[in-house]
Amino acid sequence: TKALSISQLHKTYGNGFKALKGIDLSVNEGDFFALLGPNGAGKSTTIGVISSLVSKTEGEVSIFGLSLDTDRVAAKKQLGVVPQEFNFNQFEKVFDIVVNQAGYFGIERSVAMKSAEKYLRQLGLWEKRDNPARMLSGGMKRRLMIARALVHEPKLLILDEPTAGVDIELRRSMWQFLQEINAEGTTIILTTHYLEEAESLCRNVAIIDHGTIVENTSIKALLKTL
Ligand code: ADP
Ligand code: ADP
């Protein structure tokens, strides 16, 4: 099965701007996949549509064979998304932010609490669990976003520019964490405009430019063409 399948996806924003002009993309289960492209290419728009935060104009998106149109709730259970902007409540406690997210997926509270503990520990945030999110450093907030996206144990994790503005030490530890969960079976897609990040982490890559996929290949093959 495909973890993600997108066909002929178009997005025209309200002002008439065509951000996506017929995207076709499929990502295999277990892959570590990079969506690479310059600023303004359409990466965030694509992720926005997949995570139902942006409405599509036309096209089909399915997650593990579940259509976002006809099986939206089941599809979203398979998906964890880490958007670029911190969109949690800054006044809420770290632990509550993660546990409450699991509630959206109908996960029982005792199970959610165990899962939240697991990911907060793995991401080095357990000591901060009773702090309001606004007390965290930028790097910690980024890791909190990842813990929240994983709490319902999604099979597909999508991260939008996960290491933008993150220092090199934290970037390395985030890379290592993502490699571990990928090795345990989670399919990962990340967007980046750093080729180096894609090269270090990913097996396959698609390049998006001006709302169109211009290349879709293995990272090894891509590096040979440069
Ligand atoms: P990327 O993530 O690759 O930097 P985006 O998906 O954020 O690209 O943006 C793609 C294009 O769509 C850009 O030209 C951006 O200015 C435009 N865009 C993004 N959001 C909106 C919006 N709400 N209304 C109009 N244009 C938008
Ligand atoms: P609704 O299903 O009510 O439309 P939204 O899509 O607006 O919910 O999402 C509510 C919040 O949950 C947002 O802050 C969004 O970033 C986050 N979110 C949405 N989908 C996911 C997901 N699959 N994984 C993690 N967070 C998500």
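Treat the numbers as computed from the prediction; the structure is a model and nothing was measured. Read the numbers this way: they start at 1 and go in the same order the structure lists the ligands and their atoms.
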Close side-chain approach of Thr212 and Ile23, heavy atoms under 4.5 Å: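 The answer is no; the side chains never approach within 4.5 Å.
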Under 4.0 Å from any heavy atom of [X], which atoms of ligand 1 are there?
| X | value |
| --- | --- |
| Phe17 | 11 (C), 12 (O), 14 (O), 17 (C) |
| Lys43 | 1 (P), 2 (O), 3 (O), 4 (O), 6 (O), 8 (O) |
| Ala41 | 1 (P), 3 (O), 8 (O) |
| Ala19 | 12 (O) |
| Ser44 | 1 (P), 2 (O), 6 (O), 7 (O) |

Region of Asn15 that comes within reach of ligand 1 [heavy atoms, distance under 4.0 Å]: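 The side chain, only.
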Check: His210 main-chain N/O paired with Lys21 side-chain donor or acceptor under 3.5 Å: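 Present.
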Side-chain donor-acceptor pair present, Asp160, Thr191, cut-off under 3.5 Å: yes
Distance-only donor-acceptor check, side chains Asn28 and Lys2, under 3.5 Å: yes
Derivation and outcome, side-chain contact (heavy atoms from CB on, under 4.5 Å), residues Ile6 and Thr46: CA-CA 10 Å; Ile6 296 180; Thr46 304; 4.1 Å; yes
Protein heavy-atom partner closest to atom 26 (N) of ligand 1 - residue, atom, separation in Å: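 Its nearest protein heavy-atom neighbour is Tyr13 CD1, 3.4 Å.
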Heavy atom of Gly42, distance to ligand 1 below 4.0 Å: yes
Distance-only N or O hit between ligand 1 and Gly40, under 3.5 Å: yes
N or O contact, Gln84 vs ligand 1, cut-off under 3.5 Å: no
Protein heavy atom under 4.0 Å of atom 8 (O) of ligand 1: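 It does: a protein heavy atom is found less than 4.0 Å away from atom 8 (O) of ligand 1.
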